[in-house]
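All remarks here apply to the structure that follows.
Atoms within a ligand are numbered from 1 in the order they appear, just like the ligands themselves.
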Amino acid sequence: MSETAARMIDRLVMNTYGRTQVTFVDGSGCQLTDDQGQTYLDFLAGIAVCNLGHAHPGVAEAICQQAKRLIHVSNLYYTEPQARVAQLLVENCFADRVFFCNSGAEANEGALKLARLWGKERLDGAHAVIVMENSFHGRTLATLSATGQNKVQVGYDPLVQEFRRVAFGDLEAVKAAFDQRVCAVLCEPVLGEGGVVIPPAGFLAGMRELCDQHGALLIFDEIQTGLGRTGQLFAHQGFGVTPDVMTLAKALANGLPAGAVLAREEVAELFHPGSHATTFGAGPVVMAAAAVVLETLTAPMFLELVRETGDYFLNKLNELAGRFPAVVAGVRGLGLMLGLELTLPGAPLVKRLMELGFVVNCTQEKVLRFLPPLIVTTQEIDALMAALAEVLAAPPRE
Ligand SMILES: *Cc1c(COP(=O)(O)O)cnc(C)c1O
């Protein structure tokens with residue numbers, strides 16, 4: 001090939017991403033390899049997607065076997081892998097039913113459509129949804145309207161009505177935003193794109209109470225926090241607060257596109273044949289992969305190990321914070337969803353870490369975000385810590 005993949009993509013693909021100049025060709029576990037043969041340790045996992053690591057043998061085998069049998073027939077018919085995944089999801093959370101789709105935005109669209117139906121049926125047409133400042137819910141018109149970041153909305157007005165934004169963690173603000181026009185609260189249990197922000201004690205439970213008082217739905221967007229990321233199968237289980245609706249995507253099929261809306265019966269029954277649908281959702285290949293993901297995450301000791309590794313990681317980050325107080329503003333984390341807030345822009349550090357062979361992400365300009373595969377080892381974390389210490393000791397400015 002005379003022209004590189006990178007140059008072809010820059011020339012032919014719409015320019016919506018600020019891509020890093022690297023072309024990955026292989027992966028295995030937490031390791032990635034680029035087209036020059038250089039290897040990297042991946043502390044991003046495709047943005048919390050490849051939770052079981054790259055080229056997971058069980059996932060790969062399930063995909064291959066299913067691809068040789070049946071790839072697609074549509075949701076006008078039944079398929080076996082879909083039944084298995086529905087069972088694994090429903091048996092392991094509050095929900096009675098699931099609607100399958102293909103992405104996070106699409107899952108949140110489904111949840112917002114349920115909220116509209118709930119408002120019509122139960123709340124005299126209420127349709128306002130309370131959302132959080134710095135939240136992220138997707139890029140479709142409804143989900144970008146729900147997203148609490150103006151940069152995601154620029155140029156796309158008029159936005160879908162009506163989203164009321166409040167500060168994440170401010171229960172009084174949620175209370176003040178409530179009136180008889182509110183049909184739902186939509187919230188990530190831990191802000192992901194918003195910079196790995198853990199809610200103050202009582203915040204999620206307080207929202208649960210407010211929703212109960214007003215008859216509104218509590219919707220948790222667990223697209224990033226769900227599926228083992230925080231050391232629980234679903235983050236809300238660790239907070240002891242149960243939503244009415246939960247959305248999933250990212251890690252559900254370890255890299256194949258999959259999303260899900262989960263709800264208890266009373267809410268789920270608002271959908272009827274014809275009221276919502278998808279052509280691709282829950283196709284057999286994607287579901288075969290998702291079944292392996294859920295079987296692995298729910299196997300004995302898997303999540304305990306995630307919590308242990310997460311604690312180890314967090315302690316190491318706190319040590320670094322102690323060593324470099326001038327550049328580290330703070331450290332936070334839950335399970336293997338961790339953030340290190342800097343006192344200076346993070347992009348040059350991300351670039352330098354990449355040169356050292358570590359894939360990390362920066363969000364909200366100053367928060368280094370770590371979302372490694374859940375199988376990451378303490379040795380791999382130690383390797384990152386050595387590189388981070390080097391970078392924090394002399395932070396690059398460009
Ligand atoms: C990634 C993400 C989404 C959007 O998912 P897509 O699959 O990119 O549409 C929505 N909500 C949260 C919390 C996310 O992290």
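Those atoms of ligand 1 with a heavy atom of Glu188 less than 4.0 angstrom away are 13 (C). Ligand 1 places these atoms under 4.0 Å from at least one heavy atom of Gln224: 15 (O). Taking every non-hydrogen atom of Ala105 and a distance limit under 4.0 Å, the qualifying atoms of ligand 1 come out as 4 (C), 5 (O), 6 (P), 9 (O).
Counting only N and O atoms by type, the side chains of Gln66 and Arg69 include no donor and acceptor under 3.5 Å apart. In this model, no donor atom of one side chain and acceptor atom of the other lie less than 3.5 Å apart for Glu380 and Gln31. Looking only at atom types and distance, the side chain of Asn150 has a donor-acceptor partner in the side chain of Arg165 under 3.5 Å away. A side-chain donor-acceptor contact under 3.5 Å links Asn108 and Thr247.
Residue Gly138 has no N or O atom closer than 3.5 Å to an N or O atom of ligand 1. Annotation: Glu106 places no N or O atom under 3.5 Å from an N or O atom of ligand 1; distance criterion only. Considering both main-chain and side-chain atoms, Ile223 never comes within under 3.5 Å of ligand 1 through any nitrogen or oxygen pair.
If you look at Ala249 next to ligand 1, there are no close heavy atoms at all, none under 4.0 Å. For Asn108, every heavy-atom contact with ligand 1 shorter than 4.0 Å involves the side chain, none the backbone. Proximity of His137 to ligand 1, defined as any heavy-atom pair under 4.0 Å, is confined to the backbone N, CA, C and O atoms. At a 4.0 Å heavy-atom cut-off, ligand 1 touches Lys250 through the side chain alone.
For the pair His54/Ser28, no side-chain contact is recorded, criterion being any heavy-atom separation below 4.5 Å from C-beta on.
Pro199 approaches Pro189 most closely through the heavy-atom pair CD-O, 3.0 Å.
The nearest protein heavy atom to atom 9 (O) of ligand 1 is closer than 4.0 Å.
Scanning all protein heavy atoms for the shortest distance to atom 7 (O) of ligand 1 gives Gly104 N, 2.8 Å. Among all protein heavy atoms, the one lying closest to atom 11 (N) of ligand 1 is Asp221 OD2, 2.7 Å.
Residues Val131 and Val190 fall into different hydrophobic clusters, defined by Ile, Leu, Val, Met, Phe, Trp and Tyr side chains chained together at heavy-atom separations under 4.5 Å.
A side chain to side chain donor-acceptor pair (under 3.5 Å) with Tyr312 is found for exactly one of Thr377, Asp382, Thr378, namely Asp382.
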Item to complete: List the steps, then state whether side chain to side chain donor-acceptor pair (under 3.5 Å) holds for Glu222 with Gln237.
Response: CA-CA 11 Å; Glu222 291 236 27; Gln237 294 169 334; over 6 Å; no
